[in-house]
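The structure appears below as structure tokens.
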Amino acid sequence: HAARRGYRVSIKTRMGVHSTEEFPAILEVYNRYPLSRLIVHARCRDAFYQGEADLKGFLSAAAGSRCPVVYNGNIFSPEDLQHVQELAPETDAFMLGRGAVSNPAIFRQLRGGEPLRRSELKEFHDRLTGIWLSGGLAPRFTVERMKTLWVYWQVNFPEEQKQIRAILKARDMQAYRGAVAAVF
């Protein structure tokens, strides 16, 4: 019904539940509908975010899809994107999830710009913490939300793993701010 009303519909999918080998059957279902794009996270659900993405399976999906296919999975750097582009040169659209959360400057880097600066991430961190607190989110819930981000941000601080553990263990705003100050 959405297509008849002029809406464009895209779907994001994994390549299976237990195995990416399930994808040909799943793709048959998607091919029955007038999708504008099929966004393929190149791994199965059971893999969660572990291991390598299944680029071979993605290429098969791209070849068998009736609509344009968007690649999603394990793009954390310009080099990662270049690798996928070399293996799938027909793919012209990419989705970044964890890569963008881990590195808020990745889109700038993909256009040839400079890498994320520590001061930049600190400024973003401080603004976000302030917005949540001034918006009425309780300090302990603000700490929990920020700790979720640190799970991704910690890749930017390989030398500060002891301090990162302190951030992830913080239970109140005072402990959290002290641990964050030790990183920044």
Side-chain angles (χ1 to χ4, degrees), residues 2 7-18 20 26 35-54 58 70-81 84 93-111 113-184:
Y7 299 118
R8 296 175 49 121
V9 176
S10 63
I11 291 179
K12 181 174 186 254
T13 185
R14 288 205 176 220
M15 295 182 65
V17 174
H18 307 294
T20 58
I26 296 168
L35 302 176
S36 63
R37 295 244 179 201
L38 181 62
I39 304 157
V40 179
H41 186 131
R43 55 172 46 97
C44 68
R45 187 201 65 193
D46 286 354
F48 197 56
Y49 294 109
Q50 305 301 313
E52 295 298 315
D54 182 355
F58 171 80
V70 177
Y71 176 84
N72 177 237
N74 284 22
I75 298 176
F76 293 94
S77 69
E79 295 78 23
D80 293 339
L81 179 60
V84 173
F94 304 87
M95 177 182 274
L96 282 71
R98 293 173 299 131
V101 176
S102 298
N103 177 5
I106 193 165
F107 297 105
R108 179 178 66 218
Q109 284 182 266
L110 292 173
R111 290 189 297 273
E114 63 183 58
L116 180 68
R117 295 180 312 276
R118 186 179 288 234
S119 61
E120 201 175 12
L121 187 58
K122 180 184 185 320
E123 181 182 329
F124 177 69
H125 168 275
D126 294 349
R127 278 188 70 206
L128 189 55
T129 303
I131 287 168
W132 281 338
L133 289 170
S134 67
L137 189 62
R140 70 183 178 114
F141 293 123
T142 299
V143 167
E144 292 306 313
R145 282 193 179 178
M146 296 307 295
K147 285 169 37 176
T148 300
L149 292 172
W150 279 101
V151 169
Y152 298 99
W153 290 346
Q154 68 182 316
V155 299
N156 298 297
F157 304 96
E159 305 298 320
E160 288 94 353
Q161 289 306 300
K162 181 179 176 183
Q163 294 87 341
I164 298 296
R165 282 192 299 278
I167 290 171
L168 297 176
K169 289 181 180 180
R171 298 217 177 257
D172 59 46
M173 188 56 72
Q174 182 179 353
Y176 175 77
R177 287 194 169 155
V180 168
V183 171
F184 287 127

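- Nearest heavy-atom pair, Leu121 versus Pro104, reported as atom, atom and distance to 0.1 Å: CD1-CG, 4.1 Å.
- At least one donor-acceptor pair under 3.5 Å links the side chain of Ser36 to the backbone N or O of Val9.
- Between Glu159 atom CD and Asn156 atom CG the span is 12.5 Å, to the nearest 0.5 Å.
- Taking OG1 of Thr20 as the reference point, atom CG of Asp46 lies at 11.5 Å (rounded to 0.5 Å).
- To the nearest 0.5 Å, the span separating NZ on Lys147 from CD1 on Ile164 amounts to 12.5 Å.
- Between Thr13 and Leu38 the shortest side-chain heavy-atom distance falls below 4.5 Å.
- The number of heavy-atom neighbours closer than 6.0 Å to NZ of Lys12, taken from other residues, nucleotides and ligands shown, is above 12.
- For Arg171, the CZ atom is loosely surrounded, since the number of other residues' heavy atoms within 6.0 Å does not exceed 12.
- A donor-acceptor pair under 3.5 Å is formed between the side chain of Gln154 and the backbone N or O of Val151.
- A donor-acceptor pair under 3.5 Å is formed between the side chain of Arg108 and the backbone N or O of Glu114.
- When side chains are defined from C-beta on, Trp150 counts as touching Val183, because their heavy atoms get closer than 4.5 Å.
- For Gln161, the CD atom is densely surrounded, since the number of other residues' heavy atoms within 6.0 Å is greater than 12.
- Asp126 contributes no side-chain N or O that, together with a main-chain N or O of Glu123, makes up a donor-acceptor pair within less than 3.5 Å.
- The closest donor-acceptor contact from the side chain of Trp153 to the backbone of Val101 lies under 3.5 Å.
- Ring-plane geometry between Phe184 and Phe157 is classed as perpendicular, the angle between the planes exceeding 60 degrees on a 0 to 90 degree scale with a lower cut at 30.
- We find the CD1-CZ distance between Ile75 and Arg98 to be 11.0 Å, quoted to the nearest 0.5 Å.
- The main-chain N or O of Glu144 is found under 3.5 Å from a side-chain atom of Thr148 such that the two form a donor-acceptor pair.
- Within 6.0 Å of CZ in Arg127 there are 12 or fewer heavy atoms belonging to other residues, nucleotides or ligands.
- Environment of CZ in Arg177: sparse, with no more than 12 heavy atoms of neighbouring residues, nucleotides or ligands closer than 6.0 Å.
- Here the side chain of Asn72 pairs a donor or acceptor atom with the backbone of Met95 at under 3.5 angstrom.
- Of the possible polar contacts, one joining the Arg14 side chain to the Cys44 backbone as a donor-acceptor pair under 3.5 Å is found.
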Worksheet item: What's the verdict on side chain to side chain contact (heavy atoms under 4.5 Å, CB included) for Met15 and Ile26, showing C-alpha distance, side-chain angles and the deciding distance?
Response: CA-CA 8 Å; Met15 295 182 65; Ile26 296 168; over 6 Å; no

Item to complete: Show the numbers, then the answer: is there a side chain to side chain contact (heavy atoms under 4.5 Å, CB included) between Phe76 and Asn103?
Response: CA-CA 8 Å; Phe76 293 94; Asn103 177 5; over 6 Å; no

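- Looking at Arg145 and Thr142, their side chains never come closer than 4.5 Å, going by heavy atoms from C-beta outward.
- Residue Gln163 comes nearest to Ala179 through the heavy atom pair O-CB, 4.3 Å, listed as atom of the first residue, atom of the second, then distance.
- Of all non-hydrogen atoms in Gln109 and Leu116, the two that sit nearest each other are OE1-N, 4.2 Å.
- Scanning all heavy atoms of the two residues, the minimum distance from Asn74 to Ala53 falls at ND2-N, 3.9 Å.
- In this structure the side chain of Leu128 reaches within 4.5 angstrom of the side chain of Leu149, judged on heavy atoms.
- In this structure, Pro78 and Leu110 approach most closely via the heavy-atom pair CA-CD2, 3.6 Å.
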Worksheet item: How far apart are the C-alpha atoms of Asp172 and Val143, what are their side-chain angles, what is the distance that settles it, and do they pass the side chain to side chain contact (heavy atoms under 4.5 Å, CB included) test?
Response: CA-CA 7 Å; Asp172 59 46; Val143 167; 6.0 Å; no

